[in-house]
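Report on the structure given below.
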Amino acid sequence: MCTGGCAKCLGGTLIPLALFGFLANILLFFPGGNVIDNKDHLSDEVWFFGGILGSGVLMIFPALVFLGLKSNDCCGCCGNESCGKRFAMFTSTIFAVIGFLGAGYSFVISAISINKGPKCLMGNNTWGYPFHEGDYLKDESLYRHCLEPVNVVPWNLTLFSILLVIGGIQMLLCVIQIVNGLLGTLCGDCQCCGCCGGDGPV
């Protein structure tokens, strides 16, 4: 696959992933599917906006850049026909690195939250974190230590797991585009590069 076509495919995949990440983070503000009166009762990691900023906003811009590479023609700059396409592909690697960092941020926040467990009303009538080092992941009977919000443990676990998977996939796709972008920088794209079946290298 040509470097521009590959980038377009990656961008088309990143867009829905970013939207799912954004939505998952929004749902975390409604633990157990309920509206809570005190925002201090939300888990701290929800306020780090891993899905909104990391897997969402910071991923939209790279995705749009990747989508635009396929339609980018080989018009050059300063009379050099090869300059335009190569520079566009090189720029895409920079955006891919930004996307990787954003997805990595979401991935780390999600992993920390899963290991820590949700903030909830405990048996001593205080709000806090009743779980330790992910112990609740192996023993569902520990869920009972969270009295409110109802079903907050599976709710947070499911949504942060979704963000974890999304972040992992996004990081992988960004790494692929970094390699693809570097190849495009060296070789150009289909219309410009002999190794892709074009008239010759640019």
Side-chain angles (χ1 to χ4, degrees), residues 6-69 91-121 127-131 133-134 136-137 143 146 148-181:
C6 178
K8 182 179 181 180
C9 178
L10 294 174
T13 305
L14 287 172
I15 291 291
L17 287 174
L19 294 177
F20 281 128
F22 192 94
L23 177 61
N25 201 148
I26 292 296
L27 291 175
L28 285 168
F29 285 96
F30 305 94
N34 303 304
V35 177
I36 61 174
D37 298 327
N38 191 339
K39 64 181 182 180
D40 292 332
H41 293 167
L42 289 171
S43 298
D44 294 338
E45 290 73 24
V46 175
W47 295 102
F48 294 160
F49 301 110
I52 295 176
L53 294 179
S55 290
V57 175
L58 287 179
M59 195 57 60
I60 291 294
F61 293 111
L64 293 177
V65 170
F66 301 164
L67 286 172
L69 288 176
T91 302
S92 76
T93 63
I94 297 175
F95 277 93
V97 170
I98 294 174
F100 179 86
L101 294 176
Y105 172 75
S106 178
F107 184 90
V108 171
I109 294 299
S110 300
I112 292 174
S113 183
I114 290 173
N115 184 64
K116 187 177 180 181
K119 188 176 187 178
C120 58
L121 179 64
W127 288 81
Y129 299 90
F131 308 121
E133 299 299 325
Y136 73 101
L137 297 174
Y143 288 13
C146 273
E148 293 181 11
V150 179
N151 296 322
V152 66
V153 179
W155 182 269
N156 272 34
L157 179 58
T158 299
L159 292 174
F160 274 115
S161 295
I162 290 174
L163 287 175
L164 186 76
V165 172
I166 288 176
I169 295 174
Q170 288 176 328
M171 284 193 293
L172 176 61
L173 295 179
C174 285
V175 168
I176 293 175
Q177 177 53 29
I178 290 173
V179 175
N180 180 58

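Worth saying up front: this structure is predicted, and the values here are computed from it rather than measured.
Formation of a donor-acceptor pair under 3.5 Å by the Ser43 side chain with backbone atoms of Lys119 is found in this model. Here the side chain of Ser106 pairs no donor or acceptor atom with the backbone of Gly102 at under 3.5 angstrom.
Between Thr93 atom OG1 and Phe95 atom CZ the span is 10.0 Å, to the nearest 0.5 Å. For the atom pair CD1 (Ile112) and CZ (Phe48), the distance works out to 8.0 Å, reported to the nearest 0.5 Å. Atom CD1 of Ile178 and atom CG of Leu173 lie 11.0 Å apart (nearest 0.5 Å). Taking CZ of Phe61 as the reference point, atom CD1 of Ile98 lies at 10.0 Å (rounded to 0.5 Å). To the nearest 0.5 Å, the span separating CE on Met171 from CG on Leu101 amounts to 10.5 Å. Atoms CG and SG, on Leu67 and Cys9 in that order, are 10.0 Å from each other to the nearest 0.5 Å.
In this structure, Cys146 and Phe131 have side chains that are in contact, with non-hydrogen atoms separated by less than 4.5 Å. You'll find the side chain of Ile162 reaches within 4.5 Å of the side chain of Thr158, heavy atoms only. No side-chain heavy atom of Leu14 sits under 4.5 Å from any side-chain heavy atom of Ile169. At a threshold of 4.5 Å between non-hydrogen side-chain atoms, the residues Leu10 and Cys6 count as touching. No side-chain heavy atom of Ser55 sits less than 4.5 Å from a side-chain heavy atom of Phe107.
Counting all heavy atoms, side chain and backbone alike, Asp40 lies closest to Asn38 at N-OD1, 2.9 Å. Across Val152 and Cys120, no two heavy atoms sit closer than the pair CG1-CB, 4.1 Å. What you find for Cys174 and Phe100 is that their closest heavy atoms are SG-N, 3.6 Å. Minimum interatomic distance between Leu58 and Gly54 (heavy atoms only, all atoms of both residues): CB-O, 3.7 Å.
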Donor-acceptor contacts under 3.5 Å from residues 20-36 side chains, at least two apart:
{"from": "Asn25", "atom 1": "OD1", "to": "Gly50", "atom 2": "N", "distance (Å)": "3.3"}
{"from": "Asn25", "atom 1": "OD1", "to": "Gly51", "atom 2": "N", "distance (Å)": "2.9"}
{"from": "Asn25", "atom 1": "OD1", "to": "Ile52", "atom 2": "N", "distance (Å)": "3.2"}
{"from": "Asn34", "atom 1": "ND2", "to": "Gly32", "atom 2": "O", "distance (Å)": "3.4"}

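Ser92 pairs by the side chain to side chain donor-acceptor pair (under 3.5 Å) definition with Gln177, not counting sequence neighbours. Qualifying side chain to side chain donor-acceptor pair (under 3.5 Å) partners for Trp127, counting only residues two or more places apart in sequence or in other chains: His41.
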Margin query: Run Val46 and Phe160 through side-chain contact (heavy atoms from CB on, under 4.5 Å) and show every step you take.
Written below: CA-CA 9 Å; Val46 175; Phe160 274 115; 4.2 Å; yes
Item checked: From CA spacing to verdict: side-chain contact (heavy atoms from CB on, under 4.5 Å), Tyr136, Leu157 -> CA-CA 10 Å; Tyr136 73 101; Leu157 179 58; 4.0 Å; yes
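Tested against Ile114, the residues Asn156, Ile109, Leu137 include a single side-chain contact (heavy atoms from CB on, under 4.5 Å) partner, Leu137.
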